[in-house]
Amino acid sequence: MPFQVALNFEDGVTRFIECRPHETVAEAAYKARINIPLDCRDGACGTCKSLCESGSYDAGDYIDEALTEEEAGRGYCLPCQMTPHSDLVLGIPSSSAAAKTAAVRHTAALTSLRRLSATTAEFTLDVDDRAGLDFLPGQYVNIAVPGTDRTRSYSFSSGPDRRQVSFLVRIVEGGAMSTYLGERARVGDRIEFTGPIGGFYLREPARPVLLLAGGTGLAPLLSMLERMAQRPSAHPVHLIYGVTTDQDLVHLDTLEDYLRTLPGFTFDHCVADPSSTARNKGFVTGLMDAGTLHGGGADVYLCGPPPMVEAVRHRIAALGVAPAGFHYEKFTPAATDASLATAEAA
Ligand code: FES
């Protein structure tokens, strides 16, 4: 049975290819008409050197000049030599354009639209070619807002294995998607989007996981939780979810359910509004300490607006416990009715 290999390009575009157990990743990419960087194809030059973010493989034959032992120990690999033992996620050192590929365009039908609160909506799409849409939990797509020339970026709030895909939207007065959803959207509407995109995705849990969500930044973390519930690990998972007002709080029931279905899962939430009825008033950073970071032994995934991302970075610096892994995604002001627009990892 072939394995699935996610090729993540530097511009955030991800393409998925199938790779048989005795086939090299480079051969599989070639068959899929994706030109990942290659030169010698013999494990000698190092041109194809990539970072394996997830999965196991046979590294194949190569010389030290192409890949040092130290690099191999940090997860670097040579796609021209490696053969998979499992599904893989590879960071490819080129843009998708240089590899003569691009994010895939998909078409779908709107199947549901729910107002979760005064400030947040959720919609679900039935993708025409669902088998042709693979994504990593945490990634996003660019959706063309029907009836406009605008596109907006939204993270999947659903897990990669669900038949239909869902998204969270913060309702913003005058926002392109907010206006469409509030005034024109009808079940059955045709929707186009491209993706998946983004370097903000769940790595195979190898240590405790700390998830930090601000507002609709909860969406990609819901997708990650769904995946972790399907493939539980031995590591604890803690989520801190912060919002501005009580009416921004959504999916608390979903999170409560994960207390039962995801072993080792705990969560807390806080509301910035001083008049909130929430137990914790204030910001996500107020619920972070050296313990939630496991003394630096946790992988942190953070999705929220830029001030929150900066506040978390400062909090981590103040605590003096640099996390083992730190992945974050920011909203940008240009996408105020979108869930996000940029992804970064550190
Ligand atoms: Fe030269 Fe892979 S292409 S080492």
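No experiment lies behind these values; they were computed from the predicted model shown. Just so you know, ligand 1 is whichever comes first in the structure, and atom 1 is the first atom listed for that ligand.
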Trainee: Do F267 and L225 have side-chain heavy atoms sitting under 4.5 Å apart?
Mentor: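 When only atoms from C-beta onward are counted, L225 and F267 do not touch, as no gap falls below 4.5 Å.
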Trainee: Testing V165, T111, I143 one by one against F123 for a side chain to side chain contact (heavy atoms under 4.5 Å, CB included), which residue passes?
Mentor: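 With F123 as partner, side chain to side chain contact (heavy atoms under 4.5 Å, CB included) holds for just one option, I143.
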Trainee: Among S276, S117, S275, which residue meets the side-chain hydrogen bond (donor to acceptor under 3.5 Å, both in side chains) test with D246?
Mentor: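 Exactly one candidate clears the test, S276.
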Trainee: Heavy atoms only: which of P37, C45, C48, G46 lies closest to atom 2 (Fe) of ligand 1?
Mentor: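 Result: the heavy atom closest to atom 2 (Fe) of ligand 1 is in C48.
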Trainee: Can you list the atoms of ligand 1 that are under 4.0 Å from a heavy atom of C80?
Mentor: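 Per the distance check, 2 (Fe), 3 (S), 4 (S).
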Trainee: Rounded to the nearest 0.5 Å, what's the gap from CD1 on I240 to OG1 on T292? Could you check?
Mentor: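 Spacing of CD1 (I240) from OG1 (T292) equals 5.0 Å.
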Trainee: Which atoms of ligand 1 have any heavy atom of A44 under 4.0 Å away?
Mentor: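 Heavy-atom distances to A44 below 4.0 Å select 4 (S).
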Trainee: Looking at K31 and E27, is there a salt bridge between them, counting it only when a charged N and a carboxylate O are closer than 4.0 Å?
Mentor: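 Salt bridge flag = no for K31 with E27.
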Trainee: Which ligand 1 atoms are under 4.0 Å away from a heavy-atom of G43?
Mentor: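 Taking each heavy atom of G43 in turn, ligand 1 has 4 (S) under 4.0 Å.
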Trainee: Cationic tip of R203 within the cone over Y201's six-membered ring, i.e. under 6.0 Å and within 45° of the normal?
Mentor: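 Judged by the rule (NZ or CZ under 6.0 Å from the ring centre, within 45° of its axis), R203 counts as positioned above Y201.
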Trainee: Show the atoms of ligand 1 that are less than 4.0 angstrom away from any heavy atom in R41.
Mentor: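 With R41 as reference, the close atoms of ligand 1 come out as 1 (Fe), 3 (S).
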Trainee: Need the ligand 1 atom indices (1-based, order shown) with element for anything under 4.0 Å from a heavy-atom of D39.
Mentor: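 In order of numbering, the contacting atoms are 3 (S).
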Trainee: Under 2.8 Å from atom 1 (Fe) of ligand 1, is there an N/O/S atom belonging to C40?
Mentor: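 Yes - counting backbone and side chain alike, C40 has an N, O or S atom under 2.8 Å.
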